[in-house]
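In this text, all values refer to a predicted model and were calculated from it rather than measured experimentally.
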Amino acid sequence: MRIFFGAVALVSALPGIAAAELSCAGEVCVDTNQTNAGVSFHVINRTEGLPVTVTFDLTLTNMRVGTGSSDPVVVPGGGQPIYLFDLVPGGSGSWSWNYTFTWVRGDFRAVHDDQHLYSLPYPTDYVYEVSQGCDGDFSHFEGERYAVDFNMRPGSPIAAMRAGQVVDVIEEHDQGGPSEDFRAYTNEITILHEDRTHAIYSHLRQNGAEVEIGDYVEAGQLIAYSGGTGYSTGPHLHVAVAHATLAGEETSVPITFDTHSGLVRCPAVSSRLRAN
């Protein structure tokens with residue numbers, strides 16, 4: 001899972017100096033505008049549709065939050081500036097401020113529906129072997145502990161595990177390998193569910209997406225074709241259901257698959273699962 005850190009932004013210790021500053025970390029930016037009355041904060045999520053959770057760490061001298069709130073906030077995609085809060089002087093005399101921010105994809109308010117039964121991420125009657133399960137030694141730990149990998153030849157069809165809206169599609173990459181250096185080249189699709197969790201389908205082939213951002217998909221619907229892009233020892237499909245946390249992390253949750261042989265939670269390595 002990926003966490004993005006914002007740099008320390010403008011620091012001002014002298015009232016009366018007008019200044020604007022745009023501080024960006026990847027696709028998320030914080031826009032500050034200082035006047036002699038204080039400082040206003042706006043946030044911009046430049047992803048097309050992916051909601052992100054943004055968290056601030058403020059250091060203030062003789063200042064306080066006036067209007068708005070500096071609490072963690074969920075920011076929708078689309079690139080529009082969204083007003084957050086104003087900092088105002090707390091009294092007479094000099095004042096100063098600085099901040100850092102972090103963001104992570106997903107909604108920290110999400111509460112997973114543990115009763116929901118997920119379809120396997122491939123069409124009816126297809127059978128694939130689990131190559132890495134929950135708490136897998138290679139890469140399924142910490143935030144990814146409940147992810148599941150399926151061995152798949154490149155070009156195998158991938159289906160949505162649950163209904164939802166497509167909020168992110170990455171499909172331009174053509175590289176993959178067993179090193180962290182390849183993580184930035186992962187093709188993947190993210191689908192937002194009704195309970196505000198999101199499913200991630202990773203290591204897709206280049207130009208392998210069959211859906212676009214904004215599409216609503218049903219469980220079992222074809223969404224992509226598998227590949228081996230990104231941080232991968234070979235062609236396979238990596239799936240996880242996750243949400244953001246107030247700790248600034250994207251964390252996976254355990255899910256239950258409805259398979260041809262019954263309900264399966266955290267399937268065992270080498271098990272072969274047939275889709276209903």
Side-chain angles (χ1 to χ4, degrees), residues 1-3 50 105 118-162 166 168-191 198-211 217 219-242 249-261 264-276:
M1 305 297 181
R2 292 172 287 176
I3 305 171
L50 181 67
R105 58 184 182 174
Y118 287 78
S119 301
L120 286 166
Y122 37 88
T124 300
D125 289 335
Y126 278 64
V127 179
Y128 290 102
E129 182 181 75
V130 175
S131 57
Q132 186 179 193
C134 302
D135 295 308
D137 291 339
F138 179 70
S139 60
H140 292 179
F141 39 82
E142 296 179 347
E144 296 197 72
R145 65 173 300 190
Y146 295 114
V148 179
D149 291 348
F150 295 90
N151 273 329
M152 285 188 181
R153 293 180 179 178
S156 300
I158 297 170
M161 300 183 293
R162 181 178 176 179
V166 178
D168 198 26
V169 175
I170 302 171
E171 59 174 341
E172 68 268 24
H173 302 302
D174 63 355
Q175 301 180 54
S179 165
E180 288 277 358
D181 296 337
F182 289 96
R183 190 177 290 275
Y185 301 101
T186 304
N187 291 330
E188 63 187 18
I189 289 173
T190 305
I191 296 176
H198 58 273
I200 306 157
Y201 304 78
S202 298
H203 309 301
L204 313 180
R205 77 179 184 187
Q206 187 180 34
N207 300 320
E210 290 293 315
V211 292
V217 299
Q221 180 177 331
L222 176 69
I223 60 171
Y225 293 94
S226 66
T229 56
Y231 180 31
S232 171
T233 57
H236 72 283
L237 172 65
H238 169 103
V239 295
V241 174
E249 300 174 343
E250 183 184 20
T251 186
S252 58
V253 297
I255 63 175
T256 301
F257 291 107
D258 186 8
T259 79
H260 186 76
S261 301
V264 177
R265 193 176 178 92
C266 281
V269 173
S270 299
S271 60
R272 293 175 57 82
L273 304 181
R274 180 185 297 272
N276 279 333

Could you pull out the closest heavy-atom pair between Gly208 and Glu171, with the gap in Å? N-OE1, 3.3 Å

Considering all heavy atoms of both residues, which atom of Val166 and which atom of Ile191 are nearest to each other, and what is their separation? CG2-CG1, 4.1 Å

First locate atom CZ of Arg265, then atom OH of Tyr146, and finally report the distance between them rounded to the nearest 0.5 Å. 8.0 Å

Which atoms form the tightest heavy-atom contact between Tyr126 and Pro157, and what is the distance? CE2-CG, 3.7 Å

List for me each residue that meets ring-ring contact (aromatic ring centres under 6.0 Å, His included) alongside Tyr128, sequence neighbours excluded, and say none if there are none. Tyr122

Got a sec, which residues hit side-chain hydrogen bond (donor to acceptor under 3.5 Å, both in side chains) with Tyr118, two or more places apart in sequence or on another chain? His112, Arg162

Would you check if there is a donor-acceptor pair between the side chains of His173 and Asn187 at a distance under 3.5 Å? no

Closest heavy-atom pair and its distance - Ala240, Ser252: CB-CB, 4.4 Å

Donor-acceptor contacts under 3.5 Å from residues 268-276 side chains, at least two apart:
residue : atom : partner : partner atom : Å
Ser271  : OG   : Ala268  : O            : 2.5
Arg274  : NH1  : Asp125  : O            : 3.1
Asn276  : OD1  : His260  : N            : 3.2
Asn276  : ND2  : Asp258  : O            : 3.4
Asn276  : ND2  : Asp258  : OD1          : 3.3
Asn276  : ND2  : Thr259  : O            : 3.2

With sequence neighbours left out, the residues meeting side-chain hydrogen bond (donor to acceptor under 3.5 Å, both in side chains) with Gln221 are none

Going by atom types alone, do His238 and Gln132 pair a side-chain donor with an acceptor below 3.5 Å? no

Which pair of heavy atoms, one from Gly220 and one from Ala159, lies closest together, and at what distance? O-CB, 3.6 Å

Any residue meeting side chain to side chain contact (heavy atoms under 4.5 Å, CB included) with Thr186, in chain and number order, not counting sequence neighbours: Glu188, Ser202, His203

Among residues at least two apart in sequence or on other chains, which ones pass salt bridge (Lys or Arg N to Asp or Glu O under 4.0 Å) with Glu172? none

